[in-house]
Amino acid sequence: MMRSSIIAFVYATIFVVFSNASYAQCCSVGAGFSSLPAALQNSALESGNFLAIGLNTNYTYFEDYYLNSNKVENGLTNEQQSVISSLSVIKSLYTDFLLHAELSYIPYFFQNNGNFNIDKSGISDFKANIGYSFFRDYNNYIFSQMTAGFKIPLEKESDEVISYERAYSVSLMSSTMKKFDELEALLSLVLRYEHFLSETDGKEPGDNYYSALVFTKILNNLTLSSEFSFLLKGKEDIEGEAYDKSGQRLIQFSPQAAYVFGNLITSLRYDLPIYKYYKNFQITPSYSISLNINYIY
């Protein structure tokens, strides 16, 4: 029972790190990278032979414009909505590694610009990563893991408006999870860095720095989680020089829940920004909802 509950927790937190990519810039499109947080993969690794296929869907709504930390009068776009869906495969390798691959597609992107609207869809990107469990203390139930990954953009140039940074990137993440037996709860700390390798129309996106603290309560097959996360996006680089009117900071609160139905695991997550700081005038996300369904073989 405990093992199934912990696996439910793993999938409840499937958006812990990468859903925050949806807030990287004004034209982002939801949970951009729905892989597992590194340390939380340990519970899956314990099985020794683990395979899961998942379908993830994220809806994000944009409305308010911000400049610095101030809400300002709206600009050209009155509202923006986007849906991104992804198919993921997660496979354990021996007892120390976990492999993950994901293909994302944007079935719906809508932008209301007053006199004209934009309505598009298209393929997004391919992502993959590998996690290595480098520390396990079963007596105190502490696990740590490192994960390295990459992203390959697949969208066409004509679909740029629906892209959340049409550039290649590599990422490195560390995570630690601690279980508290007396509380039947878990506490996790996740740190992630993403570096972009290619330019987008002469601009190189700023690097992303991300941290998250997640508390999860285990109730048999039901898990309830609360997450506080912080995203720092660096300045863009234009022709070799940093662009001062770029970059952002975001603090977000994300409650989520997961439930186990035999081998089927479902999770629901709600992302609510509680602090926004944008160096450039732009439309910003109001909220995001993510649904994840996984089947474990």
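Starting from 1, each residue takes its place in the sequence as its number. These figures come from a predicted structure and were not determined experimentally.
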Please report the interatomic distance [atom1]([X]) to [atom2]([Y]), rounded to the nearest 0.5 Å.
{"X": "Tyr259", "Y": "Thr266", "atom1": "OH", "atom2": "OG1", "answer": "9.5 Å"}
{"X": "Phe230", "Y": "Arg249", "atom1": "CZ", "atom2": "CZ", "answer": "6.5 Å"}
{"X": "Gln252", "Y": "Asp271", "atom1": "CD", "atom2": "CG", "answer": "4.0 Å"}
{"X": "Leu99", "Y": "Ile130", "atom1": "CG", "atom2": "CD1", "answer": "5.0 Å"}
{"X": "Tyr210", "Y": "Leu231", "atom1": "OH", "atom2": "CG", "answer": "8.0 Å"}
{"X": "Lys127", "Y": "Asp125", "atom1": "NZ", "atom2": "CG", "answer": "3.0 Å"}

Decide whether [X] and [Y] meet the rule of one side-chain donor and one side-chain acceptor closer than 3.5 Å.
{"X": "Gln145", "Y": "Ser133", "result": "no"}
{"X": "Thr176", "Y": "Ser144", "result": "yes"}
{"X": "Lys217", "Y": "Thr223", "result": "no"}
{"X": "Thr60", "Y": "Ser288", "result": "yes"}
{"X": "Thr284", "Y": "Lys276", "result": "yes"}

>> Whether the side chain of Lys233 engages the backbone of Gly206 through a donor-acceptor N/O pair (distance < 3.5 Å, no angle test) should be reported.
In response: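 Flag set: sc Lys233 to bb Gly206 pair under 3.5 Å.
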> Taking the side chain from Asn112 and the backbone from Gly114, do they hold a donor-acceptor pair closer than 3.5 Å?
Replying inline: yes
Identify, with sequence neighbours excluded, every residue that meets side-chain hydrogen bond (donor to acceptor under 3.5 Å, both in side chains) alongside [X].
{"X": "Tyr193", "answer": "Asp207"}
{"X": "Tyr277", "answer": "Asn68"}
{"X": "Glu79", "answer": "Tyr61"}
{"X": "Asp119", "answer": "none"}

Could I get the full list of ring pair (Phe, Tyr, Trp, His ring centres under 6.0 Å) partners for [X], not counting sequence neighbours?
{"X": "Tyr105", "answer": "none"}
{"X": "Phe253", "answer": "Phe228"}
{"X": "Tyr108", "answer": "none"}
{"X": "Phe110", "answer": "none"}

>> Strictly by salt bridge (Lys or Arg N to Asp or Glu O under 4.0 Å), give each pair with a member in residues 137-146 just once, sequence neighbours left out.
In response: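 Pairs touching residues 137-146 that pass the test: none.
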Would you name the heavy atoms of [X] and [Y] that are closest together and state the gap between them?
{"X": "Leu272", "Y": "Ser286", "result": "CD1-O, 3.9 Å"}
{"X": "Ala258", "Y": "Leu222", "result": "O-CD1, 3.3 Å"}
{"X": "Ser290", "Y": "Asn58", "result": "OG-ND2, 2.6 Å"}
{"X": "Tyr275", "Y": "Ser69", "result": "OH-CB, 4.0 Å"}
{"X": "Leu191", "Y": "Ser211", "result": "CD2-CB, 3.6 Å"}
{"X": "Ile123", "Y": "Ser104", "result": "CG1-O, 3.6 Å"}

> Quick one: do Leu268 and Leu55 end up in the same hydrophobic cluster if we chain Ile, Leu, Val, Met, Phe, Trp and Tyr together by side-chain heavy atoms under 4.5 Å apart?
Replying inline: no
>> Hydrophobic clustering (ILVMFWY, side-chain heavy atoms < 4.5 Å, transitive) - are Leu51 and Leu264 grouped together?
In response: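 They do share one cluster, since a chain of ILVMFWY contacts under 4.5 Å joins Leu264 to Leu51.
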> Heavy-atom distance under 4.5 Å between the side chains of Gln80 and Ile118, does that happen here?
Replying inline: no
> So Asn113 and Thr77, side chain to side chain donor-acceptor pair (under 3.5 Å) or not? Walk me through it.
Replying inline: CA-CA 4 Å; Asn113 296 307; Thr77 302; 2.7 Å; yes
>> Taking salt bridge (Lys or Arg N to Asp or Glu O under 4.0 Å) as the definition, give me every residue that meets it alongside Lys71, ordered by chain and number, with sequence neighbours left out.
In response: Asp64
>> Before you tell me yes or no, could you show the steps for Gln81 and Tyr59 under side chain to side chain donor-acceptor pair (under 3.5 Å), namely the whole-Å CA-CA distance, both residues' side-chain angles and the distance that decides it to 0.1 Å?
In response: CA-CA 7 Å; Gln81 302 178 56; Tyr59 169 81; 2.7 Å; yes
>> Please enumerate all residues that pass side-chain contact (heavy atoms from CB on, under 4.5 Å) together with Leu172, with sequence neighbours excluded.
In response: Met146, Ala148
>> Quick check on the 6.0 Å ring-centre criterion: do Tyr65 and Phe281 meet it?
In response: yes
